[in-house]
Amino acid sequence: QQVVERLTMFNRLRLFRNTVNTETTVRTLSSDSSCFRTDREKLKYDVLIVGAGPAGLSAAIKLKQRATENNREISICVIEKGEEVGSHILSGGVLDSRSLDELFPDWKTDSTCPVTQPVTRDRFEMLLNDRLSVRLPVLGPLSNRPRKKQNYVVSLSEVTRWLANKAESLGVDVLPGFPGAEVLFDWDNRVIGVATADGSNGPNSPGTEIHARATLLAEGCRGYLSEQVIRRFNLRKNADPQSYALGIKEVWDVPAEQHQPGLVVHSVGWPLGMGPGGGAGGGFLYHLPVESVKKDEGGGDSNENSKRNSNDDESTATPTSSTSESVSSTSSPSPRHRVALGLVISLDYTNPHLDTFEEFERWRTHPSIQKHISGGTRLQYGARTLNEGGFQSIPELNFPGGALIGCAAGFLDAARMKGMHGAMLSGMMAAEACMRQIKDLDTKVDKEHKEKLKRESEEEAIRTALADMALAEKKAEEEGKDAVVGEDKIGDANNNDQDKAANDVSAATIPSPSTPPVSPSTERLDLVSYSRAMTNAWVWDDLHRARNVRPVFKYLGLVPGLIHAAIDQVLFRGKAPWTFTNRGQDHENLVPAADAPVIDYSSNAVAGPGKEGGSKAARLSNRLFVSGTNHPHSQASHLIVTGKDQGAPVRVNLGHYAGPETRYCPAGVYEFAEEDGSKDGSSGLKKGEKGEGARPKLVIHSQNCLHCKACEIKDPSQVLKWTTPSRGGPKYTDM
């Protein structure tokens, strides 16, 4: 036993040493957590959920529902890095209602539910060039099957706010403004909770440690904590590398005569490349339900986005009368007729000159798209990366102390371009697994409690019998009676005492109604059953059927890829005897700038029908204004250059790839500027001039960040790191 104890201590010390020597932000409890951070407040819950998206909130709601059914008290906490629930969430906007039907069977009768507009019409177009397009049949999984009315056009920001209200009404603690910044581990390398970012509780304030029996990571695509856990536990060892895309989205308020509630339009082709590696992707355009907007006493629109847009128009250069960008200085009318549109660009493209924002600008001006928003008002702008790896790239779902749910695991169906239903189902499955584990552990504790009572009763009966025997022997010696007679009496006393003890034991093993309840178990939850349940769920079958739709475009290009998708989905119904794999990381696909054609975006700067013109910086400034994004200037940048090679962005990214971070970022966060190389800092050069003392420098405007995570994914030198900011970010309300 001593040898085993020494070996155990040796392994723990070795783990501690390796953790300290490894350059990673995932820190164990021994190195930078409860043992050393005594300044942080500590909260304890049964289940902690990181991320108030559809997956996290569905998990919280389902777990509370099951706890009520089983008459159990389960404490649940949901933390969200956005200042409000829904302020950092972005999605295309078509919801498959199957998961919602399981979560709330009577949701259609709930007057507060924002899911009201079923898909009425479905279109699929190929854009041939900047003017022409052709209609294609809507086949296979792309069809939204309007007749079945199970698909709805929604704003995910509104849906998550509604789900948060439902969760809070059930007793869930939903805490917006609590950004998860650090995973906490115990000595056995199990996740025991999360610590929020320092400064999230106020300037210069320490973060908060939230400990839980189970931690569910529902941060969405490329989650900060999720990726750390995936690397630490090697959860992708049996999966392909994840493939990503960047979605850029806007929401417009259009004239009533142009609004067609329930219309869904998808597009492929122009302006993205047609060949293999040329930048796969496509566009979407959804007509949302009519939204009534209350007006304030002064007659103005009380909606925050309309106010922001009105201010934006005052600061924007006045466009020509023919452009759809023109906006009246008065408040927007009520009701609002919203249209959501966006372009999804796969991040496995090869050309480093591709500019994601400029590609979106070109796509938006196509006549097939522009006719839906002409004369309208831009309400919001945003961007977010999404998982496209599909079935082949799903990692192991559970880890010691928790599980991955939603898009943190990659449950996006790229063939149907939907992920909300899969995220919600995964959260519900994780909740069911937590409930099963809690019931099993509580049953175990109850059984152990009864066995303990039985043992204590037996021990008490034996002690009583021995005491009676000793008393009888002493009395026999004093009275000088025959030993045989004394033994007979002692034997009778033993028999009586044993019968009494047996009765006491039976009474103790059956607690009376007045017996206080047994304390529930506090043991960590093991969510292996969640992984097994997901493999038997309908969403798993959907992902398996769609596994070949997305990766084939990388190998064959657009037109052959569409033909293959039709054969795979219509002829084989997703059961083809082959599977395409996702090879390599997205950043590995970039070719040197000298070997790639330069893309001319100068036409976007010219004002005309559907565009306001102006420089990219001016146009981006207007978009960022309506996104509401902001980070306090007093806080440190959450975008950092990691590693020992701090010169990699200039030497590698700028030197070989012409600085792609200035183009793949949809918010203009990264910029290469010239700095003076002289020691005294005075080169005598005017702005724009070059000299021997001037050298390029990467400037990071972190206050503009939309939290899309594209920089981490596409950075060719892999030194740019997105970390959780203590505060700030976009303020979406209609996304």
Side-chain angles (χ1 to χ4, degrees), residues 26-29 33-34 37 40-64 66-67 72-82 85 160 163-164 167-168 170-186 188-197 200-201 207-220 223-230 232-233 397-406 408-409 423 426-435 437-438 441 520-527 530 724:
V26 181
R27 289 164 284 196
T28 62
L29 183 65
S33 200
S34 298
R37 292 299 301 271
R40 294 198 292 210
E41 180 185 1
K42 297 175 179 60
L43 305 176
K44 289 187 177 181
Y45 288 88
D46 288 317
V47 177
L48 168 64
I49 301 171
V50 183
L57 292 171
S58 297
I61 292 170
K62 176 59 71 174
L63 187 53
K64 272 295 185 181
R66 289 290 181 258
R72 295 175 185 269
E73 280 292 333
I74 300 177
S75 57
I76 306 172
C77 177
V78 180
I79 62 173
E80 164 61 33
K81 67 182 176 70
V85 173
T160 52
L163 289 174
E168 289 180 326
L170 293 172
V172 178
D173 291 341
V174 181
L175 307 177
F178 274 63
E182 179 185 349
V183 184
L184 304 177
F185 298 86
D186 63 11
D188 296 318
N189 201 30
R190 292 176 60 89
V191 175
I192 62 170
V194 164
T196 62
S200 57
N201 299 331
T208 302
E209 288 186 11
I210 305 177
H211 294 206
R213 299 171 64 187
T215 303
L216 303 181
L217 299 179
E219 302 172 283
Y224 178 61
L225 304 182
S226 305
E227 290 299 314
Q228 295 177 19
V229 169
I230 289 173
R232 185 182 186 97
F233 295 109
L397 301 179
N398 65 285
F399 51 84
L404 302 171
I405 61 176
S426 68
M428 293 157 61
M429 289 290 188
E432 297 281 8
C434 288
M435 191 70 245
Q437 185 74 359
I438 289 173
L441 292 175
S521 170
T522 58
E523 187 176 341
R524 305 290 176 191
L525 304 184
D526 186 358
L527 302 182
Y530 159 62
T724 304

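For the pair Ala181 and Leu225, the tightest heavy-atom approach, listed with the atom from each and the gap, is C-CD2, 3.7 Å. Closest of all the heavy-atom pairs between Arg524 and Ala212 is NH1-O, 2.6 Å. Counting all heavy atoms, side chain and backbone alike, Ser426 lies closest to Gly406 at OG-N, 2.8 Å. Residues Gly427 and Ile405 come closest through the heavy atom pair CA-CD1, 4.1 Å.
For the pair Ile61/Val172, no side-chain contact is recorded, criterion being any heavy-atom separation below 4.5 Å from C-beta on. Val174 has its side chain out of reach of Glu80: every pair of non-hydrogen atoms, C-beta onward, lies at least 4.5 Å apart. Contact check for Leu216 versus Leu527: side-chain heavy atoms found under the 4.5 Å cut-off. At least one side-chain heavy atom of Leu441 sits under 4.5 Å from a side-chain heavy atom of Arg213.
Aromatic ring pairs are classed by plane angle as parallel below 30°, tilted from 30° to 60° and perpendicular above 60°; the pair Phe233 and Phe399 is parallel.
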Item to check | Pair Cys434-Tyr530, side-chain contact (heavy atoms from CB on, under 4.5 Å): steps then yes or no | outcome: CA-CA 8 Å; Cys434 288; Tyr530 159 62; over 6 Å; no

Checklist entry - So Phe185 and Val191, side-chain contact (heavy atoms from CB on, under 4.5 Å) or not? Walk me through it. => result CA-CA 5 Å; Phe185 298 86; Val191 175; 3.6 Å; yes

Next on the checklist: One pair to check against side-chain contact (heavy atoms from CB on, under 4.5 Å): Leu217 and Val183. What are the steps and the verdict?
Outcome noted: CA-CA 10 Å; Leu217 299 179; Val183 184; 5.7 Å; no

Checklist entry - What's the verdict on side-chain contact (heavy atoms from CB on, under 4.5 Å) for Arg72 and Met435, showing C-alpha distance, side-chain angles and the deciding distance? => result CA-CA 10 Å; Arg72 295 175 185 269; Met435 191 70 245; 3.5 Å; yes

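Residues passing the side chain to side chain donor-acceptor pair (under 3.5 Å) test with Thr160, sequence neighbours excluded: none. For the salt bridge (charged side-chain N to carboxylate O under 4.0 Å, His left out) test, no residue two or more places apart in sequence or in another chain qualifies with Arg190.
Side chain of Thr196 to main chain of Thr208: a donor-acceptor pair is present (N/O by atom type, distance under 3.5 Å, no hydrogens or angles).
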